[in-house]
Amino acid sequence: MKVLVPVKRVIDYNVKIRVKADGSGVETSGVKMSLNPFDENAIEEAVRLKERGDASEIVAVSIGPQAAQEVLRTALAMGVDRAILVTTDEAVEPLGIAKALKEIVLTEKPDLVILGKQAIDDDMNATGQMLAGLLGWGQGTFASEVVIENENAKVTREVDGGLETVQLKLPAIVTADLRLNEPRYASLPNIMKARKKPLTTLSIADLNVDVAPRLTVVSVAEPAARQAGAVLGSVEELIEKLRNEAKVI
Ligand code: AMP
């Protein structure tokens with residue numbers, strides 16, 4: 001079984017996001033970038049499937065600037081066998097990413113595609129679902145467990161109020177939730193070995209898909225600053241403030 005793992009280079013989750021002065025987006029220059037955290041779960045799951053003998057090859061793919069090859073090297077160091085970088089300097093929306101990934105799927109012919117459930121920069125939570133729609137494949141989103149049984153994948157999903165288990169006929173799409181697993185750290189020897197693993201590069205134009213944006217960002221703003229709290233001396237004082245200041249009772 002071949003597994004394809006699409007991974008995105010995003011602003012590192014430890015970085016405090018700064019909104020650009022003109023409100024057109026967030027500041028990315030000089031900011032630490034990393035592998036999208038949910039994609040680490042996707043890679044980890046693919047590597048565990050290989051360790052269990054369910055998967056034979058893992059291919060990672062990233063669509064983004066040349067610098068996205070760093071996150072592919074991290075994926076290779078975690079146990080991915082081979083990587084594909086599809087270069088573009090434009091910001092591509094989930095529909096465009098899904099169309100580009102569909103072309104990669106048609107060439108690579110994986111049995112399973114494991115994506116992150118969402119990218120933490122745009123919080124779209126859409127690419128896996130769109131890719132499943134474009135391919136006409138089944139999808140198990142927000143996976144907290146994946147079990148391969150013959151021609152099927154049994155996926156336990158984290159849904160509101162509990163867990164749902166779905167059975168998908170392969171080939172299929174899975175999107176990884178945080179509780180799926182604990183991603184491993186890439187060890188130094190594996191980081192060294194990853195430098196020698198194959199990484200092929202193509203341009204998004206080579207895929208011949210329409211990735212023109214459909215959305216326009218109107219404005220980006222910082223969340224409103226929270227008002228400071230106050231420690232009150234008595235219940236009577238609280239009631240007085242609720243009645244006369246907040247006017248909620
Ligand atoms: P999103 O729909 O943008 O929240 O992203 C969901 C998932 O789609 C991510 O966790 C990745 O697995 C995949 N993905 C999104 N953007 C890219 C990209 N530029 N290159 C490769 N995979 C991507």
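In listed order, ligands and their atoms are each counted from 1.
In this structure, Leu168 is a member of the same hydrophobic cluster as Val5, with clusters built from ILVMFWY side-chain heavy atoms closer than 4.5 Å.
Among the atoms of Pro94, none of the N or O lies under 3.5 angstrom from an N or O of ligand 1. Every N/O-N/O distance between Lys8 and ligand 1 stays at or above 3.5 Å. The shortest N or O to N or O distance between Asp123 and ligand 1 is not below 3.5 Å. For Gly128, no nitrogen or oxygen atom sits less than 3.5 Å from a nitrogen or oxygen atom of ligand 1, counting backbone and side chain alike.
Heavy-atom contacts of Val7 reach the following atoms of ligand 1: 20 (N), 21 (C), 22 (N) (cutoff under 4.0 Å). Remark: ligand 1 atoms within the under-4.0 Å shell around heavy atoms of Val61 are 21 (C). Taking every heavy atom of Asn125 and a limit of under 4.0 angstrom, the matching atoms of ligand 1 come to 1 (P), 2 (O), 4 (O). Each of the following atoms of ligand 1 lies closer than 4.0 Å to a heavy atom of Asp122: 3 (O), 4 (O). Atom numbering of ligand 1 starts at 1 in the shown order; those under 4.0 Å from a heavy atom of Leu115 are 8 (O), 12 (O), 13 (C). Less than 4.0 angstrom separates some heavy atom of Ala126 from each of these atoms of ligand 1: 2 (O).
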Could you go step by step and tell me if Lys16 and Asp12 meet the salt bridge (Lys or Arg N to Asp or Glu O under 4.0 Å) rule? CA-CA 9 Å; Lys16 178 156 176 6; Asp12 187 273; over 6 Å; no

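Atom CD of Glu237 has more than 12 heavy atoms from other residues, nucleotides or ligands within 6.0 Å. No more than 12 heavy atoms of other residues, nucleotides or ligands lie within 6.0 Å of CD in Glu182, so this atom counts as exposed by the packing criterion. Environment of CD in Glu240: crowded, with over 12 heavy atoms of neighbouring residues, nucleotides or ligands closer than 6.0 Å.
In terms of protein heavy atoms, atom 19 (N) of ligand 1 is closest to Ile63 O, 2.8 Å. Nearest protein neighbour of atom 12 (O) of ligand 1, counting heavy atoms only, is Pro6 O, 2.8 Å. Of the protein's heavy atoms, Gly116 O, 3.3 Å lies nearest to atom 7 (C) of ligand 1.
With a heavy-atom cut-off of 4.0 Å, Ile97 touches ligand 1 through its side chain alone. In Val5, neither the side chain nor the backbone holds a heavy atom less than 4.0 Å from any atom of ligand 1.
Under the 4.0 Å criterion applied to side-chain N and carboxylate O atoms, Lys117 and Asp177 are assigned as salt-bridge partners. Ion pair Glu149/Lys169 not flagged as a salt bridge, since none of the NZ, NE, NH1 or NH2 atoms sits closer than 4.0 Å to an Asp/Glu carboxylate oxygen. Taking a cutoff of 4.0 Å between a charged side-chain nitrogen and a carboxylate oxygen, Lys20 and Glu27 do not qualify as a salt bridge. Here Glu93 does not pair with Arg214 in a salt bridge; the nearest charged N to carboxylate O distance is not below 4.0 Å.
Summarising the contacts of atom 9 (C) of ligand 1 with Asp39, Ile84, Leu72, Thr127, the nearest heavy atom is found in Asp39.
Applying the salt bridge (Lys or Arg N to Asp or Glu O under 4.0 Å) test between Lys8 and each of Asp39, Asp122, Asp123 identifies Asp122 as the sole match.
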